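Please read all numbers here as calculations on a predicted model, not as lab measurements.
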Amino acid sequence: MKEVYDFLKKAGVYYLATAEGDQPRVRPFGTIDMFENRLYIQTGLRKDVAKQLEKNPKAEICAFMEGKWIRVRADLILDDRRKARKHMLDAYPDLRAMYNEDDGNTAVYYLKDATATFSSFTEAPRVIRF
C-alpha cells in the first residue's frame, strides 16, 4: 500500500473514474493520504463525484509518471469521522481555502479491497492487493 501511496503522491495528479448510471465519469484529483493504515482521497459532498460514489462505490484511479502507470480498482468508502477529515486537510493545507473538517461538505473516502496494477511499456505488470 505504501508503494501505491508513494506513486500517487509523487505523480501529483491522478484520474478518478466513477459511474453515473451507465456513463463513466473521469476527473483529475490530487489528494492521497495515508491514515490508520488506509489510503484516502478527498472531495466535497456537494460534488457529483460524491453523489456517484454514494450510489456506486466502485471506482478506479489511474496515474502516469516517468514511463510507468498505475491503475487502482477499489471501493471508495466514506469515512465520516472528523479526525479522518482533519488528517487529510492537515496533509493538504491549501485545501483549507475551500474546506474545513467541520463544514458539512468535506468528504474523505478510503480505498477498500483495492487492487493496484503497476505497468509500463517495458516490464510485465505487477499487482498489489490491499
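- When all heavy atoms of Ala116 and Val4 are compared, the pair lying nearest together is CB-CG2, 3.5 Å.
- Counting heavy atoms from C-beta on, the side chains of Asp33 and Gln42 never come closer than 4.5 Å.
- Remark: Arg27 CZ to Asp48 CG distance equals 7.5 Å, nearest 0.5 Å.
- One distance of note links OH of Tyr40 with CG of Leu78; it measures 9.5 Å at 0.5 Å rounding.
- The local environment of CD in Glu54 is sparse, with at most 12 non-hydrogen atoms from other residues, nucleotides or ligands closer than 6.0 Å.
- With Leu8 as the fixed residue, the side-chain contact (heavy atoms from CB on, under 4.5 Å) test singles out one of Thr31, Ile32, Ile41, Val13: Ile32.
- A heavy-atom distance below 4.5 Å is found between the side chains of Thr43 and Tyr109.
- Ring centers of Trp69 and Phe121: under 6.0 Å apart, within the cut-off.
- Nearest heavy atoms, Asp103 versus Arg46: O-NH2, 4.1 Å.
- The aromatic rings of Phe35 and His87 sit tilted relative to each other, their planes meeting at an angle between 30° and 60°.
- Of the inter-residue distances, the one linking Thr18 atom OG1 with Leu53 atom CG reads 6.0 Å to the nearest 0.5 angstrom.
- Phe7 has its side chain within reach of Met65: a pair of non-hydrogen atoms, C-beta onward, lies under 4.5 Å apart.
- Annotation for Arg96 and Asp90: closest pair NH2-OD1, 2.8 Å, computed over non-hydrogen atoms.
- Clustering ILVMFWY residues whenever any of their side-chain heavy atoms sit less than 4.5 angstrom apart, transitively, puts Leu111 in the very cluster that holds Tyr92.
- Side chains of Thr117 and Arg126 form no contact here, defined as non-hydrogen atoms less than 4.5 Å apart.
- Lys9 NZ: more than 12 foreign heavy atoms inside a 6.0 Å radius.
- Between Gln52 and Ala19, the shortest heavy-atom contact is CB-O, 3.5 Å.
- A 4.5 Å side-chain heavy-atom check between Arg25 and Val49 finds every atom pair outside the cut-off.
- Salt-bridge annotation for Asp102 and Lys86: absent, with no side-chain N of the basic residue lying under 4.0 Å from a carboxylate O of the acidic one.
- By the 4.5 Å heavy-atom criterion applied to side chains, Met88 and Tyr99 are not counted as neighbours.
- The line from CZ of Arg82 to OG1 of Thr106 is 10.5 Å long, rounded to the nearest 0.5 Å.
- Note on Arg85 versus Asp80: salt bridge recorded, some NZ/NE/NH1/NH2 to OD/OE distance being below 4.0 Å.
- Atoms CG and OH, from Leu39 and Tyr110 in turn, are 12.5 Å apart once rounded to the nearest 0.5 Å.
- Distance check, rounded to the nearest 0.5 Å: CZ of Phe64 to OG of Ser120 gives 9.0 Å.
- Arg81 has no carboxylate O lying under 4.0 Å from a charged side-chain N of Glu101, or vice versa, which leaves the two without a salt bridge.
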